[in-house]
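A note on names: the letters A, B, ... follow the listed sequences, proteins ahead of strands, and every chain is numbered from 1. Atom set for the values below is all heavy atoms of this structure, side chains included, hydrogens, waters and symmetry mates excluded.
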There are 2 protein chains.
Amino acid sequence: MSDVQQMRNFAGDSGYEAWLAYPAVPSGNQRDQYLQWCKYVEADTGNTTIRAALTEWKRGMQSMLGLGVLEGQESGAPRIILGTWNEGNPLITTVFDEETIRSTGPEGFAIRCSREHQCIAIGASAPVGVLYGVFHLLRLMGTLADLEELDEVIRPVNGLRMINHWDNFDGSIERGYAGRSFLYENNRFIDEPERLRDYARLMSSTGINGISINNVNVHQQETLFISKEYLSDVARIADQFRDYGIRLFLSVNFAAPMHGGDLDTADPLDPQVRQWWRAKAAELYEAIPDFGGFIVKADSENRPGPFTYGRNHADGANMLAEALEPFGGLVIWRCFVYNCKQDWRDRKTDRARAAYDHFKPLDGQFKDNVILQIKNGPMDFQVREPVSPLFGALEKTNHLIEFQITQEYTGQQRHLCYLVPQWKEILEFDTYAKGEGSPVKRVVDGSLWGNRCSGMAAVTNVGRDVNWTGHLLAQANLYGYGRLSWDPELSAEAIASEWTALTFGSNPDAARIVIAMLMDSWNIYESYTAPLGVGWMVNPEHHYGPNVDGYEYSQWGTYHFADHQGIGVDRTLNTGTGYSGQYMGLNAERYDSVESCPDELLLFFHHVPYTHVLHSGKTVIQHIYDTHFEGAEQAAELVNRWSSLKGRIADSLYDQVAERLKGQAVHAKEWRDQINTYFYRKSGIEDMQQRTIY
Amino acid sequence: MSDVQQMRNFAGDSGYEAWLAYPAVPSGNQRDQYLQWCKYVEADTGNTTIRAALTEWKRGMQSMLGLGVLEGQESGAPRIILGTWNEGNPLITTVFDEETIRSTGPEGFAIRCSREHQCIAIGASAPVGVLYGVFHLLRLMGTLADLEELDEVIRPVNGLRMINHWDNFDGSIERGYAGRSFLYENNRFIDEPERLRDYARLMSSTGINGISINNVNVHQQETLFISKEYLSDVARIADQFRDYGIRLFLSVNFAAPMHGGDLDTADPLDPQVRQWWRAKAAELYEAIPDFGGFIVKADSENRPGPFTYGRNHADGANMLAEALEPFGGLVIWRCFVYNCKQDWRDRKTDRARAAYDHFKPLDGQFKDNVILQIKNGPMDFQVREPVSPLFGALEKTNHLIEFQITQEYTGQQRHLCYLVPQWKEILEFDTYAKGEGSPVKRVVDGSLWGNRCSGMAAVTNVGRDVNWTGHLLAQANLYGYGRLSWDPELSAEAIASEWTALTFGSNPDAARIVIAMLMDSWNIYESYTAPLGVGWMVNPEHHYGPNVDGYEYSQWGTYHFADHQGIGVDRTLNTGTGYSGQYMGLNAERYDSVESCPDELLLFFHHVPYTHVLHSGKTVIQHIYDTHFEGAEQAAELVNRWSSLKGRIADSLYDQVAERLKGQAVHAKEWRDQINTYFYRKSGIEDMQQRTIY
């Protein structure tokens, strides 16, 4: 029995099946309804993606209803019909009207329950739409929805819905907290097609349509992924992804042409270099006809790039774009570019400014198949930072927002931190780019500026751990990211609710507890860690655990400037780095003024005395003390809240989480005491409540 | 050509020959005198150690005088005579009187220039004494001494003169800063007999007579060094060492009997365990008849030990001692035992107390072939700490002092830090154990309490770097440790002077500069790093570079408790941890009182306000600012001082050091700015001289 088979035998018990565990639907009206409609299915099976949809459907029915679905029509009996407009069952085009058929778009689907035709039909332009429709229907049933009024067209809001792996060929994962890579080990591709297929199922079920499979820091060996030596291995993964509507992307080394000694330059304006990449693209598309394109981290954190040759980012990106263009490939160029050799004594240079300062001047200079990938905030995935001012500022350039699902700075999957509320807050943020009502989500989906390519990318949190994410509840972040990339209008709570039902089954009392824990968790984590948007109070390198001065005297541009009187970074126009001026409209004024700056970002924008009074009415120092005492208490309370689920969900799932929560409670106290002690020792200001500070 | 041969071809140029480079003696009276006496040599060559001495002598003469020495007597011509009392040239016992012959002891030698017998004779009880005598004579000539009045008996003051390697079998070196191990790579013994022999020559020439070849943290693979699998490899090294009077020791894993599954306990009182070690000892001595014995780090920093079985250190050490006793082997049991899982909130537990608290109560319970190895200070080789109060307190127990040649906390061989002055200060420290005049050196050499075994051990600083120590000037620490272990009365300056002449040749002007730089370096390093005995303001784990809070919130028992008002650890009797009470006589009072505590240890013993006035007349805070500005300036000045040597010593040697000094100057500024900024921000007190603090 393979590892994967063993894991699957645990099914819901190990967490391996995740949100595709398909828990049994409890007896009752809904189950009766489902049994009535689902006994039969009709589908074209000439396409591998539709076959995948059919297989998924059968698996779901077996698991949720104990039903061995029959294919083909039992005359007159209710049934499920799956198909595309062009090649499907003719009934498909009968069930739906013309306008519906025209409106589904390349990846969307229509779903309708027709009493007249005695079917629930899922129709789409392309097979992947049908697959998405099946996942949708399964999700509806997993959340006990009523199927008989179904009549809707569902399309993804974002064109690109990407996952970035930071897996290295040696099997390590940069910022991975769920074991080693399931793609590579010891500089070899792992041959576990079943696990890979299950991964593709999970991703596709949330709407993901692009996955880059290697770290953006492309090391020596990984540079060869685009060479003949490894292309067949890469193509094998692409084949698996293809069935699930996912295009494979590769991170590439900008200096790749020099790597094997082919050329002695990587200058993007050198004709030989351009030719090298064109030839490489041709090779790639021969092996992988639907290859997605390249992700590039260039001139950032010591990676090579066009700066070496006196060229700019547009020169670099356009050169690659030109090579991929004939094949429909994309260049995803990361904007995470800043001076990582900064001097902490220098208060003029501001890392927060860097992405905007680098890329805003290049707006309009990129080719149409280049997409800039912009981290959600100006720093680096802190528990709290403002939205990057680049969103809204690039009027003529395709771009993606980049989130981080893996919890690098948010507890490393040892702490519970449901990130969807953070992402929602960012997506709803009004950039004022076209006046009021220009939220990030409209920038990101391309509608604000009319971008051809746009969407979301995120660094994933998966590894070889049986439950994929280490912390079982961290699956909710992976699930939630996919769902949000499909439809940013979904609320964080709705996503939590879906995920909980799909993972643990439908027990409304238990679900309420899980959902509330998820919803509270980001605020809890923030409260016992980083106050008021300050960030970076973590141990260097691995980024786990408290260390107030951990990044204070470093080269990374990450400072809080705490002294005995106050703390924070002055990023205002008049006395600071001027970063606040990168924002548009009301945002610039709001952040620039210490009066109007929101509390949660105060220390990001202003250096204030510990005695400064917040909008909350508390002083900064008292806020630090209070949030840290309360946060650690709330973390301890999570243990109790979870313990009320004992016996109401599978023990093995219960135990996994219980153990992590206990660790979190202990570590939250460490955070509390170190942060409070640091600021108490530095400020000398007593806690008004006289609690123990060391 | 082997690596070693290549290196040797550089001779003095690469630093590989170190203090055995034998630079040419310049023409003049001394050279004429040497040429007169040294043309001929007579020696027994039936013993490998005497053959080694003869070879060394010839090498020296060739290099220093360009002389191809002739063996055997040219009738009546002046000559060198080498031999032991029993088997040597009969002339040996004629040149020296009875009393001299009786007084040389097992390792000492007599040396005399006799005009009557037209010879310079070196006589000794044992071949190794002859070898030491030859190294002595070569050193005299290297320092241009007059040979014609020679008439002395020279004996080592300390019985054990040990070097500890912390090399791991995988080739890494714990706290190694001169490249990887030259003993092991990739879990194999390196087969480079020539390098090993050169290493033995270097060590023997300074007087070292014992070397432990593996890390005291004995990992999985190294546990097997005492098994048949590796014993022949170990024996091969012992064979090389033997010719140079060096006994080989091994660090062992206390849980070794359980390692191969032989036993399921390592309880020192279990008869089977005792039998296992007895059998193991027999195996060892069959392979290595002069095997030195075991080094044991037990119940320390997560190493196994007798505590697991409810036994104490004496139980553990005596069990091993019993096994080695029949063969004359020793058990060297380290006293570096403390709670390494401390809570930083707990101000009662004091790591400084640990060695004394653990071992003082066991005084008298150890077998006669057990030697406790005590680190020089109570913490861990900081740039400044008090002398361990265990020295003088163990009246009935053999012990060694442990120094650290490798510059873990003292600049990692990237900064210049000549440590002999530190060691001298420690050795001269009066313990008051038998009233005034009970210095550490008399405890360590065994004379104070009449110990059978005693002496010094030190963690070495060598690796595969061509010049052995990375920083060329760090050779002076290796050389100096050996010389000091032989004769603690030598001054730090005299040792520096010897080393400089032997390494760079005799240029008095150049020598003055090098010696002065060496002599100033410890104070310079201290001044820009750790003020007033505070310690531990370094980056965690690797211990390089400033980080004031690096060990403040850790589990290692290493705190300074700096707040906005003051800094330091209260270790007094009345209000502190009581550590000061572990000292005897005047020391206890002197350290316990904030008035009498010496400035350089003030913060080790007392928590004082930044405004506390030192004996120097400065406040603590102004002292911090001043020493850091001055220290960084002095570090920069080292570059200039060295540059005056350009052209006066070999370029390749000059360049090696110049490069390191430049790096040191830059890094010293980083220390200066981080430390000053930290304390300025925390205290809010201005520098009286208004220099730039950030």
Looking only at the aromatic ring of each residue, does the gap between the centers of Tyr528(A) and His415(A) stay below 6.0 angstrom? yes

Could you note down all residue pairs passing salt bridge (Lys or Arg N to Asp or Glu O under 4.0 Å) where residues 525-540 of chain A supplies at least one of them, sequence neighbours left out? Arg384(A)-Glu526(A)

Residue selection (most heavy-atom pairs with chain B, distance under 4.5 Å) from Arg345(A), Gln565(A), Glu670(A): Arg345(A)

Most heavy-atom pairs under 4.5 angstrom with chain B, which of His564(A), Arg347(A), Lys682(A), Arg681(A)? Arg681(A)

All salt bridge (Lys or Arg N to Asp or Glu O under 4.0 Å) counterparts of Arg691(A), not counting sequence neighbours: Asp626(A), Asp687(A)

Side chain, backbone, both or neither: which part of Asp549(B) has an atom under 4.5 Å from a heavy atom of chain A? side chain

Heavy-atom distances under 4.5 Å only: say whether Glu552(B) touches chain A with side chain, backbone, both or neither. side chain

Taking everything shown except Glu659(B) itself, do over 12 heavy atoms lie less than 6.0 Å from its CD? no

Set of side-chain contact (heavy atoms from CB on, under 4.5 Å) partners for Gln221(B), sequence neighbours left out: Phe169(B), Asn187(B), Leu224(B), Tyr230(B)

Treating Gln412(A) as the side-chain partner and Glu408(A) as the backbone partner, does any N or O pair qualify as donor plus acceptor under 3.5 Å? yes

Is it true that Asp346(A) and Lys348(A) make a salt bridge, defined as a side-chain N closer than 4.0 Å to a carboxylate O? no

Would you call Arg571(B) and Asp350(B) a salt bridge, taking side-chain N to carboxylate O under 4.0 Å as the test? yes

In residues 602-609 of chain B, which residues are in contact with chain A at a heavy-atom separation under 4.5 Å? none

Between Thr677(A) and chain B, with a heavy-atom cut-off of 4.5 Å, which part of the residue counts as in contact: side chain, backbone, both or neither? both

